Visitor: 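First the structure, which I've put down as structure tokens, then a few questions once you've had a look.
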Amino acid sequence: MADKQWKHVIIVLTTLALLVAPSAAATSTGTTITVLQLNICHGGMAVGCYRGDAVMVKAAEVVRVSKPQVLSVNEACSGDVDRLRAAMGPARALFVAARNLDGTPVLCRDSDQEYGNIIMVAADLAGTTEDTGIYAAQYTAADGYRELRSWACLPAARLTACTTHLSADHAPSALSQCQDLLSRAVRFPRPTFVAGDFNLPEQGSPSMRDCDPGGFSRRGDGNVQYVYVSNDLSFVETTEIDMMGTTDHPGWLVTVTSP
């Protein structure tokens, strides 16, 4: 009789433990996604920050160490895609060229490679859709090297990511461009990331605050690089990465999590 009672107690306790113990899904902290934003000044037009191939060596190292799922790169050459993808691992990549005033692609210094922006997403999160464009609002009087600024996005069911590099010499144009891209981003599948060199300050008028759409949060490097994320994601950590003088911008690493 006593033996039967102990067996009953053990069965009851085991059953209660199974009912009370949380499932793996309940205890999970969600999926973590890391975004790396780089402005590598590799086009060669901005002489003050151009360091030739040294920046590619450093950028590849940073990508290998930080292991981002999303990589946004500004002031890149079209040939940089393969080198950075080799550092990142399997990924879908999209390059968009800046344009001259006559509509032809801007070329990198002493090269036949095009100059522009790269967005890259890890293969297991990427889809097959892509979208690029040149902004309607452009400051052509003296903007950078008279380039027409561009944007690129990789929309997908599991993750949408966009990159851009906005007007350098006319803040109102930069704001119009920012608002243009973010108005597109809010319509893409979520979760959504928008990263880049926005050339707008945190404070002042106009500023990045004038661009903030509903349903998104933002973190910046204290200068002009920012990462927007849709509000179904939460920021976990941000890290500034020293590029060791190979470019005039630090790397900006942002980690988020989804519930």
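All values reported here derive from a predicted model rather than from experimental measurement.
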Visitor: Could you walk me through whether Leu94 and Val96 pass the side chain to side chain contact (heavy atoms under 4.5 Å, CB included) test, one step at a time?
Guide: CA-CA 7 Å; Leu94 178 61; Val96 60; 5.7 Å; no
Visitor: Distance only, no hydrogens: is a donor on one side chain within 3.5 Å (strictly under) of an acceptor on the other, for Asn39 and Glu75?
Guide: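 Looking only at side-chain atoms, Glu75 and Asn39 do form a donor-acceptor pair, the distance falling under 3.5 Å.
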Visitor: Please report the closest heavy-atom contact between Ala185 and Thr192, naming both atoms and the distance.
Guide: O-CG2, 3.9 Å
Visitor: Applying salt bridge (charged side-chain N to carboxylate O under 4.0 Å, His left out), which residue pairs with at least one partner in residues 38-63 are found, sequence neighbours left out?
Guide: Asp53-Arg83, Lys58-Glu61
Visitor: Can a donor-acceptor pair be found, under 3.5 Å and without considering hydrogens, that links the side chain of Thr247 to the backbone of Met243?
Guide: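 Not at all, since once roles are kept as given, no pair shorter than 3.5 Å links the two residues.
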Visitor: Do Val70 and Leu233 land in one hydrophobic cluster if side-chain heavy atoms of ILVMFWY residues count as linked below 4.5 Å?
Guide: yes
Visitor: Just by modelled atom types, is the Leu253 backbone N or O under 3.5 Å from a matching donor or acceptor in the Glu237 side chain?
Guide: no
Visitor: Which pair of non-hydrogen atoms, one from Tyr50 and one from Gly44, has the smallest distance, and what is that distance?
Guide: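 Scanning both residues, the minimum pair turns out to be CD1-CA, 3.3 Å.
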Visitor: Looking only at the side chains, is there a donor atom on one of Asn74 and Gln37 sitting less than 3.5 Å from an acceptor on the other?
Guide: yes
Visitor: Side-chain heavy atoms under 4.5 angstrom apart, residues restricted to Ile, Leu, Val, Met, Phe, Trp, Tyr: same cluster for Val81 and Val62?
Guide: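 Hydrophobic grouping puts Val81 with Val62.
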Visitor: What distance separates Ile118 CD1 from Arg85 CZ, expressed to the nearest 0.5 Å?
Guide: 9.5 Å
Visitor: Does Thr104 use its side chain to pair, donor to acceptor, with the backbone of Asn100 at less than 3.5 Å?
Guide: no
Visitor: Within this structure, what is the CG-OG1 distance for the pair Leu36 and Thr255, rounded to the nearest 0.5 Å?
Guide: 10.0 Å
Visitor: Does any non-hydrogen side-chain atom of Leu182 lie less than 4.5 Å from one of Val194?
Guide: yes
Visitor: Looking only at heavy atoms, what is the nearest atom pair of Ala59 and Ile40, with distance?
Guide: CB-CG2, 4.2 Å
Visitor: Would a single hydrophobic cluster contain both Ile33 and Val121, if residues Ile, Leu, Val, Met, Phe, Trp and Tyr are joined by side-chain heavy-atom contacts under 4.5 Å?
Guide: yes
Visitor: Using only atom types and a distance under 3.5 Å, with no angle test, would you say the side chain of Glu202 pairs donor to acceptor with the backbone of Asn223?
Guide: no
Visitor: Among side-chain atoms of Tyr135 and Thr164, is any donor-acceptor pair under 3.5 angstrom?
Guide: yes
Visitor: Hey, mind stepping through Arg92 and Glu130 against side chain to side chain contact (heavy atoms under 4.5 Å, CB included) and telling me if it holds?
Guide: CA-CA 10 Å; Arg92 180 172 179 83; Glu130 57 186 46; 3.0 Å; yes
Visitor: Going by heavy atoms in the side chains, are Glu114 and Leu107 under 4.5 Å from each other?
Guide: yes
Visitor: Quick check: do Trp151 and Arg184 have side-chain heavy atoms less than 4.5 Å from each other?
Guide: yes
Visitor: Before you tell me yes or no, could you show the steps for Thr34 and Val254 under side chain to side chain contact (heavy atoms under 4.5 Å, CB included), namely the whole-Å CA-CA distance, both residues' side-chain angles and the distance that decides it to 0.1 Å?
Guide: CA-CA 6 Å; Thr34 302; Val254 173; over 6 Å; no
Visitor: Could you tell me whether a side-chain N or O of Gln113 sits under 3.5 Å from a main-chain N or O of Gly79, the two making a donor and an acceptor?
Guide: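 Yes; at least one donor-acceptor contact below 3.5 Å.
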Visitor: Got a second to check how far Ile241's CD1 is from Leu38's CG, nearest 0.5 Å?
Guide: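 The CD1 atom of Ile241 sits 7.0 Å away from the CG atom of Leu38.
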Visitor: Between the main-chain N or O of Asp124 and the side-chain N or O of Arg158, is there a donor-acceptor pair closer than 3.5 Å?
Guide: yes
Visitor: Who passes salt bridge (Lys or Arg N to Asp or Glu O under 4.0 Å) against Asp212, sequence neighbours left out?
Guide: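 Here the qualifying residues are Arg218.
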Visitor: What is the distance from atom OG of Ser230 to atom CZ of Phe216, rounded to the nearest 0.5 Å?
Guide: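 Rounded to the nearest 0.5 Å, the OG-CZ separation comes out at 5.0 Å.
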Visitor: Would Val186 and Leu166 show up in the same hydrophobic cluster when neighbours are defined by side-chain heavy atoms closer than 4.5 Å?
Guide: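 In one cluster: yes.
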Visitor: Under 4.5 Å between any side-chain heavy atoms of Cys162 and Phe193, yes or no?
Guide: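 Cys162 vs Phe193: side chains apart.
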Visitor: Restricting to non-hydrogen atoms, name the atom on Ala156 and the atom on Ala126 that form the minimum distance, rounded to 0.1 Å.
Guide: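 Closest approach of Ala156 to Ala126: CB-C, 4.1 Å.
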Visitor: Just by modelled atom types, is the Arg149 backbone N or O under 3.5 Å from a matching donor or acceptor in the Gln138 side chain?
Guide: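 It does hold such a pair.
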Visitor: Kindly compute the distance separating OG1 (Thr129) from CZ (Phe188), expressed to the nearest 0.5 Å.
Guide: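 With rounding to 0.5 Å, OG1 (Thr129) is 9.5 Å from CZ (Phe188).
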Visitor: Over 60° means perpendicular and under 30° means parallel, so classify the ring planes of Phe198 and Tyr226, tilted if in between.
Guide: perpendicular
Visitor: Where do Tyr139 and Ser167 come nearest, in terms of heavy atoms and distance?
Guide: CB-OG, 3.9 Å
Visitor: Find out whether Asn117 and Ile119 are in side-chain contact, i.e. whether some heavy atom of one side chain is under 4.5 Å from a heavy atom of the other.
Guide: no
Visitor: What's the separation between atom CE in Met208 and atom CG in Leu200, rounded to the nearest 0.5 Å?
Guide: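 These two atoms lie 6.0 Å from each other.
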Visitor: We want to know whether Asp80 and His42 form a side-chain donor-acceptor pair, criterion being a heavy-atom distance below 3.5 angstrom.
Guide: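 On atom types as modelled, these side chains qualify, holding a pair under 3.5 Å.
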Visitor: Kindly indicate whether the side chain of Leu175, heavy atoms from C-beta on, has any atom under 4.5 Å from the side chain of Cys211.
Guide: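 Sidechains of Cys211 and Leu175: in contact.
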Visitor: Given side chains that start at C-beta, do those of Gln203 and Arg209 come closer than 4.5 Å, heavy atoms only?
Guide: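 SC-SC contact between Gln203 and Arg209 confirmed.
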Visitor: Is Asp197 reaching over with its side chain to a backbone N or O of Asn199, donor-acceptor style, under 3.5 angstrom?
Guide: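 Yes.
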Visitor: After noting the C-alpha distance and the side-chain angles of Thr160 and Leu154, does the key distance pass the side chain to side chain contact (heavy atoms under 4.5 Å, CB included) rule?
Guide: CA-CA 6 Å; Thr160 293; Leu154 289 172; over 6 Å; no
Visitor: In the structure I gave you, are the side-chain heavy atoms of Leu181 and Cys153 within less than 4.5 Å of one another anywhere?
Guide: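 Touching, per the 4.5 Å side-chain cut-off.
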Visitor: Does a donor on one side chain sit under 3.5 Å from an acceptor on the other, for Thr163 and Ser72?
Guide: yes
Visitor: Same cluster for Trp252 and Val256 if Ile/Leu/Val/Met/Phe/Trp/Tyr side chains link at under 4.5 Å?
Guide: yes
